[in-house]
Amino acid sequence: MPGSPARGAAVGGGPRVLRKTWTELLAGRVKKQKYDPEREQKLKDSALKLLRYHQNMHDLLLEAEVPQCKKLRLSELIDCGGAEASSDPSTPFIRSAFRDQASRLGVPVGVLSARVFAHSVQQVCVEPSHPVLLSPEQSERLSSLLVSAQRLLAHNMFSRLTFCQELWKAQNSLLLEAVWRLHTHHVVSLQELLQSHPDTEAMTTWLFRNLRFLCELIGASCPSSDTVEAMLSGLVQLLISWGFQGSSDPRRLLESEKIEKMPQEVRKLPRVAADVLQRMLAFSLDTLDADSQTTLDHQAVSGWITVYSGRTCCGMIAADSLKSFLSHALTQILTHKPVLKVSDAIQMQKEWSFAKTPHLLIDLYCRVFVTLGPEESIGHLQEVLELQEVNWQHVLSCVSTLVVCFSEAQQLIKDWVASLMARAFESYHLDSMVTAFLIVRQATLEGPYVFPSYADWFKESFGSSHGYHSCSKKTLVFLFKFLSDLVPWEAPRHMQVHIFHPPLVPSKYHSLLTDYISLAKTRLADLKVSLENVGLYEDLSSTGDIAERESQAVQDVKKAIMVFEQTGKIPMPVLEASIFRRPYYLSHFLPALLAPRVLPEVPDSRVAFIETLKRADKIPPSSYSAYRQACATAGDKQPDNTTSGQRTETNCAERPLGLLTAALEELRALMTDPTQYSVISAQVAVVSERLNAALGHRNDDDVSLRRSKIQLSVLLPTLQSQDQGVVDLLLTAFCQNLMAACSFVPPERQSSWAVLFVRTLCGHMLLPAVLTRLCQLLRHQGPNLSAPHVLGLAALAVHLGECRSTLPEVDPGVLAPPSSLCVPDFLNSLLTCHTRDSLLFCMKFCTAAISYCLCKFSAQPSASLHNCLSPGLIQKFQFIVLRLFPEARAPCSPEHTARIPWKLLYLPSADWPRAALSLWRWSSFQELLKEEEFHLTYRDWIQLELEIQPEADALSGTERHDFHQWAIYERYLPAPSAMGGCGGDLEAACTVLVSELMDFHQRSYNHSEDSDLVLGGRTGNEDLLSRLQEMAMDLELDQGSAVPRGCSTPESHFLFRVFRGRLQALARPGSMATSLRRQQELLICKRLLLRLPPSVLVGSPQAGQPVSPNCEEFFNLVTSGLRNICCHGSVLTYDLTIHFFRGLLNVCLRSQDPALVANRTLAECQTKCPMILTSALLWWSSLEPVLCSQWKKCYQSTLPQELQRLQEARKFASNFASDSAAPAPSPAWISAAALYFATREAGRENVTTHLKRLDCEREELLITLLFFSLMGLLSSYLTQRDTAEYQKAVDICAEVLACLERRKVSWLMLFQLAETDAKLGHLLLLAPDQHTRLLPLAFYSLLSCFSDGTTVREAAFLHVAVDMYLKLVQLFVDGETRIVLPQASRSISELQDSPVQLITKARSFLLQLIPQCPRQCFSNMTELLAGRGDCDPEVSNALQQRQQAGPSFDLSQEPHLF
């Protein structure tokens, strides 16, 4: 056709010209000739025959699938029909061509196609661009071949065996990717290829070489990285599955009967697979030993190590095969080139610590151990050591990796060492002994928080009678022979341990020990190491070089001062050195301590330590004088030397700190590269080493200090500038690392860098400084911290909690409970909720800590919260959310999200409220809160609410009131007790609230300078106290005014039950602190009583019953407690007195016979609680108007009889001095009390006038008046307020004593009162216990008033005087006399004798009195002196001699000895 486009293109020519198709060429002929079907078929057959005889089969395969093949348009020539022909028109033609060619050559078509196909693959691999990978063009060509081969295989026209044999003929040019694609496209499997190889060794070498090339590409930035990783993973899976079919040793597998029965080509496959894997591991170990990190070999090793991971083979290989492979790999590592001897290991093992082991080797260890598990790994390690020669460097570095990276391995190592030691001493097995010592020493290299120090282990193993060596003499010889054999190769540190902590040896075998010590000392002398100069805090188990004495002494001084700051005592190593190691102490320690300097104006810890040593005579006077003189002149030299000294000190400090900073920056860089996670553990080890240098001491210093409790001052936390700089650097690095890591992956997908970092902190002496800095940040600066700081410190708290089992407890000082705190509880105690700012910071920190913990340990959320965080922190989070967010109080459906809202915290502007509410509403978190340990109970809520300061609260007064009402009445009152509620019991709610209020105010007393702190003061409990008042009134209304039917007596009030339980716990005699705490408790009881309705004191009588109210509980409280805190001796305070009488009037108002109720109640007071009546008498002038007004207003009648009795007694006392005075009303003690109070109110000059009528009164009144006078005298002693008051008390006692002497009335019974005394026993209820104990003081203070009286001549007087004297001496010995006179003013002290003077006068009086007393006065003296004769031997001797002497005995005569 002339106008055809095809024709135009053909005429144009050139490389791009389109040729005419067969259809176009034949189109014209079809039109000119008549169509004949038979002729058309003949034409097709002829064309096919022509093509078959001139076809190149290799080109045909290459053209079969490429796009250019469509130009042939064979489908238009060959109509084969069928679906296959329509989808791939060239396929039938290729099959037909191969059949024709095979028949002409006389070979099977499968063999021919295989040979052609193999040759085509070889042509594809010619001139490769990479040793193992195909270029894009080669890959495209190979894809065409693979498709054709697959279709030939589908028609059984392809021989796999022939193909494999032909392929291996060009082995050197064969690319691994081509082989791998043949395998993955199922043309021929890798197993068939390997089995068909004629030379096993050549095949192994080819595989090994190609795997090396492939591993070089792992981690490299190349376009085919996914292909490379898939190839390596697939090949390794195949090799493991072939080479390790459930047996840890492939050679055993080959020896099995099953393998022996297999054909030769099948049998060699496991051998080849195992050999290739072994060669790759051996190549890796050799490369790591070469210690070159820049070669391609090192890059290949880095790629190969990635295959030792469970993730690489997960789901593709049987678990038994994988464990067999890893077990065999571990065996190969441990036994690789065992050229080092045990002696070499002893000398060199300090260079094989975790920090100095290549990070790739550590990564290899960790990958193997993670899959096998620590227990199986250690068991395998033990088996290898017993059966084979080992590479000690690999064995010991393996032990280091286990103890550092796997916490559970630490105990397994200890158990293994124990079994080795037991075996060694049972069968005298030297190999077990060597292995145990090497393993222990290796583990101790990694620090005390990983494994106990070598010194500790050696002391524990051999330092007691239960040691391994204590069985017999043979075991002792075995031990010392072993230690002696070690001496030529031992490090000096270990020999020092053996010398300073020698094995416990029976005395008869002591020569064995002395021989070894002599040998070790000789060796140390050869090494020029002195035993005398070992530092006080020098760790003998460390492997570092022995420091110079001067630098070691400086470190000892620093550590001694650090211990002194924490304990306030001279450290024990310093005391021991001052006695047992005087050469070092005098020649090195003291010169370093007494280095001249300009003394600070405010004495620091160093000055205090020096002064303490001086007072203990631990510093020679000459050295101290020289030190003071040098310090005095140091100020003159300071200006010249200041600059250079500061520069030198700065340069020395900056270099280690700069190295530490660089190491931390390198670690942070690794956080942002997930491919470098395997290097992190090694970098953390580098940080640890740099940290040692920056601190100037090792991480395993001073075991005694490390294991003791950490003493901190929470209120005033202070740090040295050097320590604070290092700690700030570390904390900043931790926060930055966390933010960097979280910018790439969430916490649960991060590496273990945080755990290793925290272990580094915990493994140094820096832990107290870290906790102190956290105290400063969280407790004192928390609201000022930024969001990254809060997140970082919260994560740090989580990981510190994770390590809680290895950390010492913390004693926070004044804020500490009776026992010390673990680290999570200590960190929780730093979070306060006092003010709005602290409340918001606490919300942020708790939200961050809980979210991080749940996200980091998402697999076990409950266990992580239990292990890593304090339950108190989770309770604070609940408290704050409920308090600040009203929407959280309403019940709502939880959010069933799968993940924690971590991104809300990590955003540049953290949305803390939203994050807190999201965490609160998270369904999984709500499920966790149902666990009992995490309940925010009613008691917990009260404790936290009491800490709130209302003036700085985040809630207004109305909001706070609404929150309290909701919490008490809606949340906790109806909640069951198992969930921390009250179970609907309002009385139980009141009981808990009262108990917590009292606890809170006890803490307030302890931690506040304001000793007069009152309820409802500055600390926010005013609102809760108001809630208690409301609840108490509700409870009273609920219970009603009557006792339930069937109850004979009303139940005791809940308030008194709380008081009774708390006071009984403090009732046992104890220290002064316990006594003071009891007094504080009683003051709190009193103040709570005053804030509650007065009906609480007197209870309520039964309705319609004219009986006295139930005052038993209040009476018991007064007589057992409140009387001991009376400020007036025998009376209660006015507020408590009027409160009682108000309650009594209220009860009377509700009874049928008010006067009867009042009379019975007050009559009961006379016998059970007389102090109420004496208190009413004292305050009668203020009390009478209130009582009279209230009574007359309600009843329109006179006062009840008992109140009138008090009125009359007070009137009698007021008119006592007048001639018209009425006689004293009964009972006499009430009149005596009223008379004493009236006399005390009179001036001193009127005392004699006021008491002039005493001679006319009854003896009972005089005796009780003297009792009240003695109580007043002792009160004046204790209060020390006024000279006139004291002198007046003396005058009153003198007047009463004079009257009794004149009337010859004995008053001695007042000093021998007992509760069983029917007449005067009730007086003891009017005297505080302290006054009763101080009666001997009053007795001898009034000595001048009765020394010449008739009472002295009574037969009972000597007994009473001696008893009072012995008790006075005992008071002095117990220190109770110090509370009488220490704060006395000068005027009072001039009137009073000191305790020593008083005892001296009493003693002289007795020694003069004893000879004058008749013999019958000494009848009961033996019983009196029993157990107390040692108080004063001279007085006791005089009494005994006078008791034994005859009637004519005279003390002035010389005794007849013979």
Side-chain angles (χ1 to χ4, degrees), residues 938-939 941-943 945-946 960-975 977 981-1001 1014-1017 1020-1044 1047 1049-1063 1081-1103 1109-1118 1121-1122 1135-1136 1138-1150:
Y938 177 54
R939 188 180 299 274
W941 175 80
I942 294 174
Q943 291 173 356
E945 190 64 33
L946 283 171
R960 190 163 54 251
H961 177 271
D962 294 342
F963 174 59
H964 289 174
Q965 291 288 334
W966 172 85
I968 294 174
Y969 290 100
E970 295 185 41
R971 180 176 176 87
Y972 289 112
L973 184 60
S977 57
C982 304
D985 190 346
L986 185 59
E987 182 174 310
C990 294
T991 301
V992 174
L993 181 52
V994 169
S995 179
E996 290 305 320
L997 279 169
M998 298 183 72
D999 284 340
F1000 172 75
H1001 285 285
V1014 297
L1015 291 171
N1021 57 333
E1022 180 69 32
D1023 290 337
L1024 282 180
L1025 196 58
S1026 299
R1027 301 293 86 75
L1028 176 62
Q1029 293 171 339
E1030 297 168 1
M1031 294 163 67
M1033 291 302 299
D1034 292 343
L1035 184 62
E1036 189 170 335
L1037 293 175
D1038 291 344
Q1039 293 177 344
S1041 59
V1043 178
C1047 297
T1049 58
E1051 296 180 359
S1052 62
H1053 198 276
F1054 75 87
L1055 192 66
F1056 293 108
R1057 291 200 297 271
V1058 175
F1059 292 167
R1060 183 169 61 250
R1062 295 175 66 91
L1063 292 173
E1081 195 84 359
L1082 288 167
L1083 286 173
I1084 298 171
C1085 293
K1086 173 193 164 185
R1087 288 164 181 164
L1088 275 174
L1089 284 173
L1090 294 176
R1091 297 300 295 268
L1092 292 179
S1095 58
V1096 173
L1097 276 64
V1098 295
S1100 301
Q1102 295 184 11
N1110 183 19
C1111 304
E1112 193 73 27
E1113 293 284 353
F1114 178 64
F1115 289 167
N1116 289 337
L1117 180 64
V1118 172
L1122 292 179
D1135 52 5
L1136 193 57
I1138 188 64
H1139 204 59
F1140 171 79
F1141 278 99
R1142 284 199 186 103
L1144 179 60
L1145 291 180
N1146 290 337
V1147 171
C1148 293
L1149 184 63
R1150 297 199 299 268

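- Atoms CG and CZ, on Asn1146 and Phe1141 in that order, are 13.5 Å from each other to the nearest 0.5 Å.
- In summary, of the residues considered (Leu1025, Leu1083, Val1058), a side chain to side chain contact (heavy atoms under 4.5 Å, CB included) with Leu1088 occurs for Leu1025 alone.
- By the 4.5 Å heavy-atom criterion applied to side chains, Ser1026 and Glu1022 are counted as neighbours.
- Between Leu1063 and Leu1117, some side-chain heavy-atom pair lies under the 4.5 Å cut-off.
- For Asp999, the salt bridge (Lys or Arg N to Asp or Glu O under 4.0 Å) test picks out Arg1062, with sequence neighbours left out.
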Candidate pair Glu1113 and Phe1059, rule side-chain contact (heavy atoms from CB on, under 4.5 Å), full reasoning: CA-CA 10 Å; Glu1113 293 284 353; Phe1059 292 167; over 6 Å; no
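- Distance check: Leu1028 CG to Leu1024 CG gives 9.0 Å after rounding to the nearest 0.5 Å.
- Between Trp941 and Arg971 there is no side-chain heavy-atom pair separated by less than 4.5 Å.
- Annotation: side chain of Glu945 is in contact with side chain of Arg960 (closest heavy-atom distance under 4.5 Å).
- Between Leu1092 and Leu1097 the shortest side-chain heavy-atom distance does not fall below 4.5 Å.
- Note: His1001 NE2 to Ile1084 CD1 = 7.0 Å, rounded to the nearest 0.5 Å.
- Contact record, Gly1143 with Val1098: O-CG2, 3.3 Å, taken as the closest heavy-atom pair.
- Separating the CG atom in Asp1034 from the CD atom in Glu987 is a distance of 13.5 Å, to the nearest 0.5 Å.
- Using a 4.5 Å cut-off on side-chain heavy atoms (C-beta onward), Asp1135 and Lys1086 make contact.
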Pair Arg1027-His961, side-chain contact (heavy atoms from CB on, under 4.5 Å): steps then yes or no: CA-CA 9 Å; Arg1027 301 293 86 75; His961 177 271; 3.2 Å; yes
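- For the atom pair NE2 of His1053 and CG of Leu1035, the computed distance is 6.0 Å after rounding to the nearest 0.5 Å.
- By the 4.5 Å heavy-atom criterion applied to side chains, Leu997 and Phe1000 are not counted as neighbours.
- Taken from OH in Tyr972 to CH2 in Trp966, the straight-line distance is 7.0 Å, to the nearest 0.5 Å.
- No donor-acceptor distance shorter than 3.5 angstrom exists from the side chain of Arg1091 to the backbone of Arg1087, with no hydrogens or angles considered.
- Using a distance-only test at 3.5 Å, with no hydrogens or angles considered, a donor-acceptor pair links the side chain of His1139 to the main chain of Leu1089.
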Step-by-step side-chain contact (heavy atoms from CB on, under 4.5 Å) determination, Val1096 to Phe1114: CA-CA 9 Å; Val1096 173; Phe1114 178 64; over 6 Å; no
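- The two residues Ala989 and Tyr938 come nearest to each other via the heavy atoms O-OH, 3.1 Å.
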